[in-house]
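To keep things clear, I will list the structure first and then write my remarks on it.
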Amino acid sequence: MISVTQRKVFCLVLVCFTGVLLVGSSFYSSATAQKPLPNEGDLAKRLKRIPATPPEMSLKGFKLERDFELELVAAEPDVMDPVDACFDENGQMYVAEMRGYPYLPDQVPDYMPGPVRKNAGVIRLLKDTTGDGKMDKSFVFADTITWPTSVCCYDGGVYVIAPPYIYYFKDTDGDDKADIRETVFTGLRTNNVQGLANNLKWGLDNHIYFAGGTNGGSILKDGKEVIPAGRRDLKLNPKTRELEAVSGGSQFGHSMDDWGNRFVCSNSNHIQHVVYPSNYLKRNAYLAVPGVLRTAAKRGAAAPVFRRSPPEPYRVVRTARRAADPKFRKRLSPTELVATGFFTSATGVTIYRGGAYPAEFQGNAFIGDVGGNLIHRKTMDGKGATYVATRADEDTEFITSNDNWFRPVNFVNAPDGTLWVLDMYRETIEHPFSIPEDIKRHLDLESGHDRGRIYRLKHPEGKTFKVQKLGVLPVDQLVLQLESPNSWNRETAQRLIWERQDKAAILHLVKLFQTSKQPLGRLHALWTLDGLNALNSDILMKALQDSEAGIREHAIRLSERYAKENSELSEAVLKLTDDPEYRVQLQLAFSLGEFDRQAAIAGLTKLVDSKNYDGDMQVAVLTSSAEIAGPLAVNFLRESAGTLSGSKRPLVVELLRIAGAKKETDDALAVLDFVSGDSISLVQKQLVLGALGEGLGRRGASLATLLKDPQISTDVKQRFDKTVAEAVETAEDEDKPVAERVAAVRLLGFMDFSVAGDVLAEVLNPRSSPKIQLAAVEALSRMEHKDVGSALLTNWSGFSPAVRTDVVDALLGSSGRIDTLLAAIKKKQVKLNEISRDKKDLLMNHPNKEIRKRARKVLGSDVNSDRAKIVAAYQSALELKGDVESGKKIYLKNCAGCHKVGDQGHNVGPNLATTKNKSNGDLLIAILDPSREAQSNYNTYTIVTEQGKLFTGIIAAETATSYTIRRAEGKEDVILRNNIDTLLSNGVSLMPNGLEKEVNPQQMADLLEFIKSLEAPPQK
């Protein structure tokens, strides 16, 4: 097991940046693929290769919306496998060529044609020497690197991501080939070609940001770890080469809009907004946030796409194997013959920021779907803290091609103001693991490694800018470029001024800020001044009063480092608590954590009372509350006479949790002092003390231990003892209302077992209301005592299914209780069929070797470990006629705990409607052998806290301060990073093996028919 304290956390999240996972599951395993298949025919004939289209002919296969046109600006042999590109200050283009895709040298199978191409990656330099907009000169700037995924200009050279390395390359002798080759960082994992770090992009704050991918890995500099393993994005100071983890953690794609908002994408989740900045989250180590990314797509992650290209032959063969029988073929829906319908391989999300297109296209998002050979477009509208991305082209895609080789993997905002499309141009884009071996032997997954195209996207009513050589401009002319309508000019000018650190720019920048009519010009002036360490209170005071809300928002952020020392500036910032714009107030809620204590309390209190206050602003308020959680909570409680209600209730609950989680006890004692008074009802005391107790539990303490604090007064202790006695009396009194008894039971759960254990065990009986029983289970599960397991199981035979589920969850929460459960099963106090399939699977595959050994001994051979054999045994289900209504009943009984359909079920695994494009055979494998090719974001992890508690499930979210573990029925546990002892990937899917024990072949046919009947998720 790997200790987090040693910073060796496993984060093996293997998802594809260009893979087509929803259609990527193989019908036959590697073992069964070697056996003769009936009516299979000659695979070599059926798997006909798709020929490439010559560059000059490729344009004929495109269909574009809104009168746009594509113009070819570069193609093989001048460029190959382009996946990212950037333009330097003179308009020269550097291209990352991922020519080694999809294999590392030690991964190439024996049957692959040709020699192994070791370190085949290239950084290409393209030049337009004639001024016609075409790249007519091509140079190999750097080569012999692994998988280059990104390139970014800096100081006459380029930073390059080529996992496991981040390099810096520079040409100093003018031969267009890098003679400086520096390895800056190492450690980026390469275990999945489609989860690599990618997309270096300059930010407004003079740092380079990039997507960390999903492979994770501890990043090293000079042999020392600088970033621990995790699922996150990063930012780099290119001068100092300091690296910092930032919010994010998605696949291939990373972009910013003009105001610095960041967007990423992943497979079907084709546009996500990074909502919560990690620098604010990290400031409050006691705050648990369920996630930092927000799906921006209006129709949700599983949006439909409309491709024109035919399905690749290898996909047709997979379906044809089932359709060889004419009668059976009639039962197949069209979607089973064409593996398409939804986003499955979203890549390169990019916000258009040039000035060449009409206004309606400014700020649009462009996203490639390489599996569908298309480009999707969305309009972007602000909504509170995030954005709504709406399909811009109804019932079609912005660009489609009939050429299966068209793979639009990324986009670049170019110096001429247009958007350039990077086409990797490959015969096949898919992870090798997702194709059956017998089929894969007839494919060449490297086909196209010597091809690639780059296109310019033009609009007839638009204009293109003359590409200026900004590198030769004096500093005063560079400052004027900050007002350009084209983002490349603005960003490049700011970069050059910052690189030069020429103080002569300061007067010009101040003048531009004071006089410019262009908001973006003023924005860049502010951040460039900040990069020159030339901001002052006069400039910031003016910026805080700017007519543009975005300028006020950024001015607040830039004021953070000065406000504590400058009372006048601090007062000006606090006045913006009355700002009518939501995002201004949101930024203020984040920034107030940098202000002095009294200013923060006053400002945050006022923001909470604002009409703009919502859940996202609550998170921002909480990030600023690490040092003032207790006083804020008491203020709000006193204001409401101790009653938690309305919009402030969730805020106060979180403040109380933070107050309890802090190692310093002053805040918790202040809450205890206030709430122990007689004027507050037991129900309200339970809410307050329950939240405080949860926080205490996060650091291994409890209300009982808090009562032993030497600082606590005798008066408070006596009042609290009275409260506990009242809670015991209420819990036991069967004549009391259920709500009051539930409140009392929950409160007792934060006490020691010696104080409340007997009472809780007593009320945990079939005579009590189900609500009281569930509350008692929850209360007992919080306690650390050897007799908790016995107390939970005493009345097992009389428990309802819902109570039994919670009891088992509670027993699985620690090693000792697991022993109690296994002993009960062995003694047949608990029957084997009373334990759900997923819980059996968890025990049989437990990461603790001793527990796993005991579980397998007790549970026996309940499930056949040869899953391929089970799949083969259920092939008859594919021939049976299914019934939708019967299938729905099977779903409700066996699948609804993790899969949602309409308003029924839980969002743990994929929405079943998004899987309907899979063939019945692929679905059969996914159901009966779920770990074979499961998306690894549905693999289970186990977290062990420093107190020895165990949490097992999928990682639903990971932030700078916490993990959110999700399990069946959508239940979630949030664990603070600073309380984790061990985190381990279990390597298996959350979906358990063994459904064949519950479902016979006919019922399986019914379940498949039900899944095929589902409609796409409704528009959101």
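For the single chain, residues carry numbers from 1 onward in sequence order.
Between the side chain of Ser255 and the main chain of Ile351, a donor-acceptor pair closer than 3.5 Å is present. Remark: side-chain polar atoms of Glu76 are paired, donor with acceptor, to backbone N or O of Gly452 under 3.5 angstrom. Distance alone, capped at 3.5 Å, is enough to place a donor-acceptor pair between the Trp405 side chain and the Ile50 backbone. The backbone N or O of Arg308 lies less than 3.5 Å from no partner atom in the side chain of Asn402, so there is not a single donor-acceptor pair. A donor-acceptor pair is defined here as one N or O able to donate and one able to accept, closer than 3.5 Å; such a pair exists between the side chain of Asn215 and the backbone of Asn192. Judged by distance alone, with hydrogens and angles left aside, the side-chain atoms of Arg353 form no donor-acceptor pair with the main-chain N or O of Thr350 at under 3.5 Å. Checking side-chain atoms of Thr53 against main-chain N and O of Ser58 turns up no donor-acceptor pair under 3.5 Å. Side-chain N or O atoms of Trp147 include none that pairs as donor or acceptor with a backbone N or O of Asn119 at under 3.5 Å. In this structure, the side chain of Thr190 does not engage the main chain of Pro164 through any donor-acceptor pair within 3.5 Å. Listed for the Arg307 side chain is a donor-acceptor partner under 3.5 Å among the backbone atoms of Ser309.
With a 4.5 Å cut-off on side-chain heavy atoms, Asn410 and Phe252 count as touching. At least one side-chain heavy atom of Pro310 sits under 4.5 Å from a side-chain heavy atom of Asn404. Between Val370 and Met424, every side-chain heavy-atom pair lies at or beyond the 4.5 Å cut-off. Residues Val79 and Ser138 form no side-chain contact, since every pair of their non-hydrogen atoms from C-beta on lies 4.5 Å or further apart. Looking only at side-chain heavy atoms (C-beta outward), Val274 and Leu293 come within less than 4.5 Å of each other. Proximity of Glu430 to Leu443: side-chain heavy atoms (C-beta onward) are nowhere separated by under 4.5 Å. Between Thr400 and Asn373, every side-chain heavy-atom pair lies at or beyond the 4.5 Å cut-off. For the pair Thr186/Ile219, no side-chain contact is recorded, criterion being any heavy-atom separation below 4.5 Å from C-beta on.
Among the candidates Phe398, Phe366, Phe68, the single residue satisfying the ring-ring contact (aromatic ring centres under 6.0 Å, His included) test with Phe361 is Phe68. Across Tyr357, Phe411, Trp488, Phe263, a single residue satisfies ring-ring contact (aromatic ring centres under 6.0 Å, His included) together with Tyr352, and that is Tyr357. Between Phe185 and the options Leu234, Ile161, Leu236, a side-chain contact (heavy atoms from CB on, under 4.5 Å) holds for only Leu236.
Ion pairing between a basic and an acidic side chain is recognised when a charged N comes within 4.0 Å of a carboxylate O; Asp78 and Arg124 show no such pairing. Look at Lys235 and Asp205 and you find a salt bridge, because one of the NZ, NE, NH1 or NH2 atoms lies within 4.0 Å of a carboxylate O, short of that distance. With salt bridges taken as basic N to acidic carboxylate O contacts below 4.0 Å, one links Glu182 and Arg241. Look at Arg407 and Glu427 and you find no salt bridge, because none of the NZ, NE, NH1 or NH2 atoms lies under 4.0 Å from a carboxylate O. A salt bridge is defined here as a Lys NZ or Arg NE, NH1 or NH2 lying under 4.0 Å from an Asp or Glu carboxylate O, and Arg391 with Glu397 meets this definition. A salt bridge is absent between Arg262 and Asp257; no separation between the charged side-chain nitrogens and carboxylate oxygens falls under 4.0 Å.
Residues passing the side chain to side chain donor-acceptor pair (under 3.5 Å) test with Tyr276, sequence neighbours excluded: Arg294, Asp616. For His254, there are no ring pair (Phe, Tyr, Trp, His ring centres under 6.0 Å) partners at least two apart in sequence or on another chain.
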Which is it for Leu220 and Val226 under the side-chain contact (heavy atoms from CB on, under 4.5 Å) test, yes or no, and what are the steps along the way? CA-CA 6 Å; Leu220 311 177; Val226 292; over 6 Å; no
Under the side chain to side chain donor-acceptor pair (under 3.5 Å) criterion, do Ser401 and Asp403 qualify, and how do the steps go? CA-CA 5 Å; Ser401 174; Asp403 185 355; 5.1 Å; no
How far apart are the C-alpha atoms of Thr418 and Trp420, what are their side-chain angles, what is the distance that settles it, and do they pass the side chain to side chain donor-acceptor pair (under 3.5 Å) test? CA-CA 6 Å; Thr418 66; Trp420 288 28; 2.9 Å; yes
Take Gln272 and Ser266 through the test side chain to side chain donor-acceptor pair (under 3.5 Å) and record every step on the way to the result. CA-CA 8 Å; Gln272 299 165 277; Ser266 178; 5.1 Å; no
Tell me, with the steps shown, if Tyr159 and Val184 meet side-chain contact (heavy atoms from CB on, under 4.5 Å). CA-CA 9 Å; Tyr159 276 98; Val184 184; 4.1 Å; yes
Determine, step by step, whether Asn199 and Phe210 satisfy the side-chain contact (heavy atoms from CB on, under 4.5 Å) criterion, reporting the C-alpha distance in whole Å, the side-chain angles of both residues, the deciding distance to 0.1 Å, and the verdict. CA-CA 5 Å; Asn199 276 281; Phe210 61 97; 5.7 Å; no
Starting from the C-alpha separation in whole Å, work towards a yes-or-no answer on side-chain contact (heavy atoms from CB on, under 4.5 Å) for Cys265 and Ile271. CA-CA 5 Å; Cys265 64; Ile271 180 164; 5.6 Å; no
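Both the sub-6.0 Å distance and the 45° axial angle are not jointly satisfied by Arg451 relative to the ring of Tyr425.
Considering all non-hydrogen atoms of both residues, Gly417 and Ala356 come closest at O-CB, 3.2 Å. Of all non-hydrogen atoms in Trp202 and Glu491, the two that sit nearest each other are O-OE2, 3.9 Å. Residues Ala346 and His270 approach most closely at CB-CB, 3.4 Å, considering heavy atoms. The two residues Val151 and Ala85 make their nearest non-hydrogen contact at CG1-CA, 3.8 Å. Residues Pro148 and Gly121 come closest through the heavy atom pair CD-CA, 3.5 Å. In terms of heavy-atom proximity, Pro102 sits nearest to Leu445 at CD-O, 3.5 Å.
The six-membered or imidazole ring of Phe169 lies away from that of Tyr94, with a centre-to-centre distance of 6.0 Å or more. Ring pair Phe141/Phe139: centre-to-centre distance not below 6.0 Å.
Between the side chains of Thr295 and Asn269, at least one donor N or O lies within less than 3.5 Å of an accepting N or O. A donor and an acceptor atom, one from each side chain of Asn198 and Thr149, are nowhere located under 3.5 Å apart. Between Asn486 and Asn413, the side chains place no donor N or O within less than 3.5 Å of an acceptor N or O (distance only, hydrogens not considered). For the residue pair Arg231 / Tyr963, no side-chain donor-acceptor distance below 3.5 Å is found, with atom types taken as modelled. In this model, no donor atom of one side chain and acceptor atom of the other lie less than 3.5 Å apart for Tyr101 and Glu446. Looking at Glu312 and Thr428, their side chains never bring a donor and an acceptor atom within 3.5 Å of each other.
How far CG of Asp233 is from OG of Ser247: 8.0 Å, rounded to the nearest 0.5 Å. Atoms CG and NE2, on Asn237 and His207 in that order, are 4.0 Å from each other to the nearest 0.5 Å. For the atom pair CG of Leu72 and CD1 of Ile454, the computed distance is 9.0 Å after rounding to the nearest 0.5 Å.
Here salt bridge (Lys or Arg N to Asp or Glu O under 4.0 Å) pairs that include residues 361-381, with residues two or more places apart or in two chains, are Arg377-Asp393.
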